Amino acid sequence: MAEAAMDWTVNKNLSDAGPVLKIEEVAVAYKVRHGEIVAVQNVSFEIKRGESYGIVGESGCGKSTVAWAIVNFLGANGYVKAGSIKFLGQDLVGKTGEELRKLRGDQIAMVYQDPMQALNPSMKLGDQMKEVLTVHRGMSDADAAKRCIEMLDRVYMPDAANVMKRYPHQISGGQQQRVVIAMALLNNPALLIMDEPTTALDVTVEAAVLDLIAELRRDFDTAIMYITHNLGVVARVCNRVGVMYAGEMVERGTVEQIFKKPQHPYTQGLMRCVPKLGADKASSMLYPIIGRVPPPRNRPIGCIFNPRCDYTQDRCIEERPQLRDMPNGVSVRCHFAGEIDPAQWTPPEELKLPSISGGDGDNGEAEPILTVNGLKKYYPVQGSSLKDLLGRGPKRYVKAVEDATFSVKKGKTLGIVGESGCGKSTLIKTLIGLEESTAGEAQFLGFDITGDLSTRNKQLIQELQMVFQNPDSTMNPSYSVGQQIGRPMIRFGTVPKNQVRDEVIKLLQAMRLGENYYDRLPRQLSGGEKQRVGIARALASSPNVVLCDEPVSALDVSVQAAILNLLLDVQAESGTTMIFIAHDLSVVRFFSDDVAVMYLGQIMEIGPADAIYAPPYHPYTEALLSAVPIPDPTIQQKHIRLEGNVPSAISPPSGCRFHTRCPRRHLLPNNGKICEEELPPWREIGDGHRIFCHIPLETLRTFDPIITQKEED
Amino acid sequence: MLVKDCMTRHPIMISPETPAAEAQKIMAENQIRHLPVVGSGKRLLGLITRQRLSLKPDELGSLNIWEISRRLSAMTAKKIMLKAEHVQTIIPDKTVERAARIMTDHKVGCLPVLEDGIVVGILTETDLLKSFQTMLGLPADGVRVTVRMPGGVGIFKQVIVAISEEGWPILGLGSFPTRKQPGYWDSVFKIAGVNIDEVEAVINQVPNQEIVDIREVV
């Protein structure tokens, strides 16, 4: 206790050496044909040495614009209109291109969301990394190579020397991001700007990258500006946070202050959008923020948040609030900050919330609508040797789904989680008939659905529908919304032709989209609206089962909350059965009745949602849970990190597929030799909860819960 | 404590082309007295201190008023800096006392910290004074006691044992030979979460020592 207090005072006393980055009242504008658009205004914050500063907000709030302004990547028509950006005491606004170029190389580094775009695909990784040192520092090739390998080791890249000789496509996404981070750190920058660096990565990889960032910050004293929309990530890596909305900073303070007592209505709204890990749909509710971020041209005159705010008064509409310092050290841009108590908040009337019955009452006895038994999906792989070409080589397969066995009851939701490449999507593609299954049984209402679409009759197709992850690539850009939704109705003849339009409009209204959306084209919709249309299309044929493949992963938190509510509503109203894939464990927990955890094509654990999220766990589930970033700094998570990558599905590990990465193997005699040799047994826990592991249940039960509440000081 | 533990990383630096006037402004605004001048890749080229910015009076006298302004406007960091070969530097793996020694020997106020000729930090008098404070546990509240004892490990060990047996955390520790009393050492302990009487009672159990100073510091 005393020691903890001491650390704090010591740090406070010694870190007063001026900020690395100081941004004051910055406004960024883009020149366009009709004058100019002010994208960002009145943004001020500072980042000290060794501090990581989080910037959060929905998309379109100007988070990235601020980052671009720092390094002057605003493009030909963008410029910093007002304010000053001071980096290490020198003003960056007005610096010439050459000076900035030098600074960027030497002192400021950036890491972006998609590592593949930051790496040159035609150059070996080693050459790309060495270039940083040989060009900027004039280092010799051999010295540069040595230093690059050191840095790769530093970011825990396995077999660093070998990675130097590879091309970007030969390593996995998580490894690519590590290479980019290593490259950014080669010159020991004073400021590291990270723009959604882990958004494209799996939770397990994300957790490892976040650990790495925290460690590097300590060791190199680098100031980090961390841009993300994920509140959980901010809670894990940042010291202080700035919340941005529509180009303004609306609240800033330390992570503890913001999460414990958000004061701006927008921040409070964001917190209500995110499902807490451990919360389910019966006991808690998501409250999306109504409306959406106004485009820069149409920002209101008064408080920019007033059209979406639940506390709007006349003053908010007339007068723009200033960023005010609150007594507890937080700055809030709201006239009524301090007077608003989030605990007193009640959902506004126009917010339609799903009526959740929790599925009680008639559950339990409900008939399984979909039963899958030992389903397998193998993809043949063509080798490149002559023997293979002649068809005489040994046949090899990618075993994408192995022995999937489960059943889904009517009106229930089965969630499927797992890292990318674990066969989640293949499983549902097989169910819906986009792929033919290799072996096993799958029955839907007594009909066999192991074949692909060509073997199914129209009715079967009508009853099984799918919502895809990316609405952009699954909608025909030249068909209007109405046509897209109406098409399945006409195809399946569920609605008489002359009533299609009315039915479509009814569906659109159920999706909270107005009639005026009927004639719009997909490009005229926002991401959330497109996903609603995607859902409407899946529901158009009034199917019994809807398969959702990551339907909310690409969306902002408030939109995500709205879509989840919508799906819940649909389910409650028409008793639709759903299979829901997501990589976000808190979303799956919130949305599903049952959860299946997949690893490398194999279901590792399956059971009721609340049983999956508490011990006994499968060791893999345990690792996944420990990796989820939780938007609550008072929660303590056990630290379990998986090493290495998901092995190749062409030659999956013998015995238990997870044995190469299992952190719990040592619990078995002989360091888990049995895991390498034999397939584990299914261990039944009751209530349909099964775990696929050699470790006896008694031992699994002794694991501590992953998530515990930190003790209050 | 090593240089890398107390140096300031990512110091403010300028390029050789920066006008002297701007260098002066940067120093004034950020309240710093030393400004390393670096080339591409943060390679150290020189150092600007407050003295380098002042014109020598005899030189000043020989110029007329027009020449002064012309001279000043043409002045860049490169022209006024102390060249790298004359700058005392240090590497991150040296000890703080070594760094302090170099600074007192050469009467300089700062040492750029280099790794392969690249500036990775700067160590100034301020940094050293800060590390001095941390070593004696200044930033936290507690009791600071100075114990005088004859040289040799015996008594020092007994004092340490007596304190740790109470479970008290020692936040800072310093030991030095007593002035004008050869063979004797003064040791300063900074202990948190206790009061003077408790400390006195515990230390007085140890024979052959003398508490020369005890006070509560906040």
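Here the structure is a predicted model, which is why all the values come from computation and not from measurement. Each chain gets a letter, A, B and so on, in the order its sequence line appears, and its residues count up from 1.
The main-chain N or O of A:R49 is never found under 3.5 Å from a side-chain atom of B:R9 such that the two would form a donor-acceptor pair. A donor-acceptor pair is defined here as one N or O able to donate and one able to accept, closer than 3.5 Å; no such pair exists between the side chain of B:H10 and the backbone of A:Q107.
Put simply, CG on A:D106 and CZ on B:R43 are 10.5 Å apart, with the number rounded to the nearest 0.5 Å. B:I118 contributes atom CD1, which lies 10.0 Å from atom CG of A:N188 (distance to the nearest 0.5 angstrom).
Between chain A and the options B:E115, B:K25, B:Q31, B:M13, the largest number of non-hydrogen pairs under 4.5 Å is found for B:M13.
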Below 3.5 Å, can you tabulate the donor-acceptor pairs from side chains in residues 14-23 of chain B to any protein atom, sequence neighbours excluded?
residue	atom	partner	partner atom	Å
B:S15	OG	B:T18	OG1	3.2
B:T18	OG1	B:S15	N	3.3
B:T18	OG1	B:S15	O	2.7

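Partner A:L88 forms a side chain to side chain contact (heavy atoms under 4.5 Å, CB included) with one of B:N30, B:I26, B:I12 and no other, that one being B:I12.
Heavy-atom contacts from other residues, nucleotides or ligands closer than 6.0 Å to CZ of B:R50 number more than 12. Atom CZ of B:F132 sits in a sparse spot, with 12 or fewer heavy atoms from other residues, nucleotides or ligands closer than 6.0 Å. Within 6.0 Å of NZ in A:K95 there are more than 12 heavy atoms belonging to other residues, nucleotides or ligands.
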